[in-house]
Amino acid sequence: MDENEASVSIEGTVRDVVFYNEENDYAVLDVEADDGLLITVVGNIALPAEGERVKLSGHYTYHKEFGKQLVVEYYEKSLPATEEEILTYLSSQTVKGIGPKTARKIVDKFGTDSFFVIENHPEWLTDISGITSRKAAEMSSSFREQNALLSLVSFVRGFMDVAEATRIYKRFGQGSVQRLKDNPYTLCEGPQPISFPRVDEMARQVGYDKLSPERLYHAIRYILSNHGVKSGHVCLPVALLVSEATRLLSLDTEDVRLAVQSQLKDGVLSSYMLNDELYIQTDYMAKWEDTIARGLLELERYAIRFSASDADSLITSLEASYGLTYASRQRLAIREALAGGVMVLTGGPGTGKTTVVKALLSIFGSMNLSCVLAAPTGRAAKRMSEATSHEAMTVHRLLEATRENASGDIVFGKDKSNPIDKKVIIVDEASMLDTQLTYHLISAISRGTRLILIGDKNQLPSVGAGNVLADIIGSGAVRTVTLDEIFRQSEKSLIVTNAHRINKGELPDLSRTDRDFFFIRRDENDIPEAVCELITKRLPKKYGRNVAQGIQTVTPSKQGVGGILSLNAMLQERLNPPRADKTEHTSHGTSFRLGDKVMQTVNNYELMWEKDGEEGIGIFNGDIGVITKIDNAEKNMTVDFDGRVTLYGFDILQDLELAYAITVHKSQGSEYPIVIMPIYSCPFPLRSRNLLYTAVTRAKNMVILIGNPDLLPSMIENNREVRRNTTLRERLVRLNA
């Protein structure tokens, strides 16, 4: 056998940590073997420290620059035992508060008992000059943490990296290992859960009972989430749930059926009959949908109503004041908003939704009824503010959302016991409302308050689970007005005209090259280069260098020649190339660079921000900002989100991604001066009419489609509604019957 391939094992002491990457545990160590040979060791070794004892297994290889190296495949670690090794370990500053001088004093006094003293009798350390009671306590705490963390890292080795282990340690403390031995499935819960398959494999290797209630509970939860919520569903057919759980758990079908029945009996699952088929959902999803349905109907029932004649009188007076005439369906929308407690206003671009909102603000204001405007995202709220000249906020801010540090759960300051103190609530971009956020919104609205939902029913549904706006409209339980007339000023825009053509199943008008809607034909493999050329050369040459700041590339998918992964890599290289004076940091395979455009990909209710001297909390999924500082010494990064300056620790950079190109789903609720959209052979479900329509309606001044125009007809014909399993529509119908 070749020496490079032969497996070898050594025991020895770490003499030098040449290199260590905290994110992936890759280390280069100098290890002195027990036979005295100094060996260069490379591989994934968690939290290495000088002086510690190691058992290593692996194979030798030869590096052309660094020579012979042992590539580690397995390792075990233990604390050093000799005085010399203990001194080396403590001198390496692995233990907070202990440097080389203090280490020498401790070892000189306590010898091989040094670790025992530090861990169990820190008060003895105060006999040493310079060590106070406070310092001794800090040393002991740091040593115990290091030991506990090292034990945890060793226990979960092969299943997760040090960063994940550290998060678990922060959550469970020094009892982490015992906690995981008692119930590893607790890792499936909390603010940063680990997927069931990973936890299940770890549980299997430690001999956890395959029929344990905890295993069955979390497996079913995982399927309802992974096959359900992530696809927009709030419930699954019982047959599908049992089938998937049987496959995942490698159990008999009957065992799984009994588990589902038991969880239904215990109330952690709920069932609902839809079209003569039994569906299963979690207890909280059932609660959310039921609360939304009952809450909407209650708002309608207890509203102060205005007669049609009173409404018409108010509208006529308003027209006289502003010197305008509302279209017939705009008048209808205003009347319906005054006639009941809940109204949905829907319509495409250029149909006058904003005009109706302004009218309602004026009418309700004249009645001294307090109003608040809100939207699901910060960008949508900003657009609403600019369009209405009235302050708008995110729904999360309206609900005073924070995160409870102890549990990691989202906490809303506004709820049933402390409702929103407004008489009229108007929510724009309502198609983005998912079930969870809608539940909290409805729960925080008191009787007698009016709720007006505004959205475009033809856009993509929410990123989160549910199909709230479509379900409300489809139930017929809530008054709905659709605006379908394009007004004269909007007819001048091909963006508006083509958006409506697409929505009606017609090809966009591509004949006018002097307007604001273009198609550039390119072979699919040439799309990335063509997008880069547009952004870096052609558009700046025609419209000025600053035009690039208003360009957003939106694309159907992450993958493929026109996906965000390939586009972001190329656009970053062209728009923000590396330079000696630009700091960088690589995290989870992404190189972040000073000046990069980035997007937050999950809601984070803990992140603090500052804007113009005002402090706030919360950065949310879809927020786009620019990196203004990277501090590798302090291990943090500063991002400016439209003036909200936020500090990110390197440990949460997995929640950020480059945003030179974003998916159409992530663009919802936003508006950009110029939108560039690649048209290429992405998966067929993503080549749909409503996805194209959503992308086009994100543009304010210009749309540029680029790629294969032959795909447009099939894309527009693909109007199949992606069915989401929900119970909200049916609940509304039944409760309203």
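Please read all numbers here as calculations on a predicted model, not as lab measurements.
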Exercise. Between R247 and E244, does at least one N-O distance fall below 4.0 Å, as a salt bridge requires?
Worked result: yes
Exercise. E717: what forms a salt bridge (charged side-chain N to carboxylate O under 4.0 Å, His left out) with it, not counting sequence neighbours?
Worked result: none
For this session: For T697 and T694, indicate whether the former's side chain and the latter's backbone hold a donor-acceptor pair under 3.5 Å.
Result: yes
Problem set entry | Worked check of side-chain contact (heavy atoms from CB on, under 4.5 Å) between L691 and H665 | CA-CA 8 Å; L691 187 138; H665 280 87; 4.3 Å; yes
Seminar exercise, completed: Applying salt bridge (charged side-chain N to carboxylate O under 4.0 Å, His left out) to D283 and not counting sequence neighbours gives R221
For this session: Report the distance from atom CD of E319 to atom OG1 of T325, rounding to the nearest 0.5 Å.
Result: 5.0 Å
Problem set entry | side-chain contact (heavy atoms from CB on, under 4.5 Å) evaluation trace for D255 with D252 | CA-CA 5 Å; D255 289 329; D252 293 336; 3.7 Å; yes
Exercise. Heavy atoms, side chains only, cut-off 4.5 Å: are L338 and F364 in contact?
Worked result: yes
Exercise. When rounded to the nearest 0.5 angstrom, what distance separates CG in D310 from CZ in R335?
Worked result: 12.5 Å
Would you be so kind as to tabulate the donor-acceptor pairs closer than 3.5 Å made by side chains of residues 418-431, with sequence neighbours excluded?
residue, atom, partner, partner atom, Å
N418, ND2, G413, O, 3.0
E429, OE2, R383, NH1, 3.2

For this session: Mind listing the closest non-hydrogen atom pair of A374 and L398 along with its distance?
Result: CB-CD2, 4.1 Å
Problem set entry | Pair D456 + K353, salt bridge at N-O below 4.0 Å | no
For this session: Please confirm whether the backbone N or O of D434 pairs with a side-chain atom of T438, one donor and one acceptor, at under 3.5 Å?
Result: yes
Exercise. Would you say H440 and V395 make side-chain contact, with heavy atoms under 4.5 Å?
Worked result: no
Exercise. Under 6.0 Å from the CZ atom of R257, do we count more than 12 heavy atoms belonging to anything else shown?
Worked result: no
Exercise. Under 3.5 Å, is there a donor-acceptor pair between the side chain of N736 and the main chain of V733?
Worked result: no
Exercise. Under 3.5 Å, is there a donor-acceptor pair between the side chain of S475 and the main chain of I472?
Worked result: yes
Problem set entry | Presence of salt bridge, R305 and E300, under 4.0 angstrom | yes
Problem set entry | Test item: S212 side-chain N/O and D209 main-chain N/O as donor-acceptor pair under 3.5 Å | yes
Problem set entry | NZ-OG1 distance between K666 and T377, expressed to the nearest 0.5 angstrom | 11.5 Å
Exercise. Taking the side chain from R450 and the backbone from M343, do they hold a donor-acceptor pair closer than 3.5 Å?
Worked result: no
For this session: Mind checking the OG1-CZ spacing from T726 to R729? Nearest 0.5 Å is all I need.
Result: 8.5 Å
Anything under 3.5 Å between a donor and an acceptor, one on a side chain of residues 285-293, the other on a protein residue two or more places apart or in another chain? List them.
residue, atom, partner, partner atom, Å
K287, NZ, Y439, OH, 3.3
E289, OE1, Q281, NE2, 3.4
E289, OE1, T727, N, 3.1
E289, OE1, T727, OG1, 2.3
E289, OE2, T727, N, 3.2
E289, OE2, L728, N, 3.2
D290, OD1, R294, NE, 3.2
D290, OD2, R294, NE, 2.9
T291, OG1, K287, O, 2.8

Seminar exercise, completed: N226 and S231 have their tightest heavy-atom pair at O-OG, 4.5 Å
Problem set entry | Test item: R501 side-chain N/O and E506 main-chain N/O as donor-acceptor pair under 3.5 Å | no
For this session: Check whether any side-chain heavy atom of I502 sits under 4.5 Å from a side-chain heavy atom of R689, and report yes or no.
Result: yes
Problem set entry | Gap between atom CD1 of I334 and atom CG of L318 - 0.5 Å precision | 7.0 Å
For this session: Report the C-alpha distance between D484 and T482 in whole Å, list the side-chain angles of each, state the deciding distance to 0.1 Å, and finish with yes or no for side chain to side chain donor-acceptor pair (under 3.5 Å).
Result: CA-CA 6 Å; D484 51 16; T482 301; over 6 Å; no
For this session: Kindly determine whether T388 and L361 satisfy side-chain contact (heavy atoms from CB on, under 4.5 Å), including the steps that lead there.
Result: CA-CA 9 Å; T388 62; L361 288 172; 4.2 Å; yes
Problem set entry | pair C188-Y222: side-chain heavy atoms closer than 4.5 Å | no
Exercise. Is there side-chain contact between I454 and T346, with heavy atoms separated by less than 4.5 Å?
Worked result: no
Exercise. With distance as the sole test, does R331 use its side chain to make a donor-acceptor pair with the main-chain N or O of I315 at under 3.5 Å?
Worked result: no
Problem set entry | Under the ring-ring contact (aromatic ring centres under 6.0 Å, His included) test, residues paired with Y217 that sit two or more places apart | none
Problem set entry | Least distance between heavy atoms, A375 atom then A381 atom | CB-N, 3.6 Å
Problem set entry | Side-chain touch L453/L345, heavy atoms, less than 4.5 angstrom | no
Problem set entry | Test item: L373 and M393 side chains (from C-beta on) under 4.5 Å apart, heavy atoms | no
For this session: Run the numbers on S385 and K382 for side-chain contact (heavy atoms from CB on, under 4.5 Å), then give the verdict.
Result: CA-CA 5 Å; S385 294; K382 183 179 179 181; 5.7 Å; no
Exercise. Can you name the nearest heavy-atom pair linking A259 to L216, along with the distance?
Worked result: CB-CD1, 3.9 Å
For this session: State whether E298 and R447 are salt-bridged, where the test is any N-O pair (Lys NZ or Arg NE/NH1/NH2 against Asp/Glu carboxylate O) under 4.0 Å.
Result: yes
Exercise. Are the aromatic rings of F196 and H218 close, with centres under 6.0 Å apart?
Worked result: no
For this session: State whether the side chain of S362 and the backbone N or O of A359 hold a donor-acceptor pair below 3.5 Å, judged by distance alone.
Result: no
For this session: Show your working on side chain to side chain donor-acceptor pair (under 3.5 Å) between Y185 and D200 and close with a plain yes or no.
Result: CA-CA 7 Å; Y185 296 99; D200 195 47; 2.5 Å; yes
Exercise. Shortest non-hydrogen contact from S667 to V664?
Worked result: OG-O, 2.7 Å
For this session: Please round to the nearest 0.5 Å and tell me the distance separating atom CG of N467 and atom CG of L460.
Result: 10.5 Å
Exercise. Going through the checks in order, is the salt bridge (Lys or Arg N to Asp or Glu O under 4.0 Å) test met by R397 and E391?
Worked result: CA-CA 12 Å; R397 182 182 166 197; E391 182 188 4; 3.6 Å; yes
Problem set entry | Smallest separation among heavy atoms of T601 and Q654, with atom names | OG1-O, 4.2 Å
For this session: May I ask you to check if R698 and Y672 form a cation-pi contact, with NZ or CZ under 6.0 angstrom from the six-membered ring centre and within 45° of the axis?
Result: no
Problem set entry | Check: H233 side chain, N725 main-chain N or O, donor-acceptor pair, under 3.5 Å | yes
Exercise. Below 4.5 Å, heavy atoms only, C-beta onward: do E254 and T246 meet side chain to side chain?
Worked result: no
Donor-acceptor contacts, no H, no angles, side chain residues 262-280, under 3.5 Å, sequence neighbours left out:
residue, atom, partner, partner atom, Å
Y272, OH, R734, NH1, 3.2
Y279, OH, R723, NH2, 3.0

Exercise. For K414, does the NZ atom sit with more than 12 other heavy atoms under 6.0 Å from it, leaving out its own atoms?
Worked result: yes
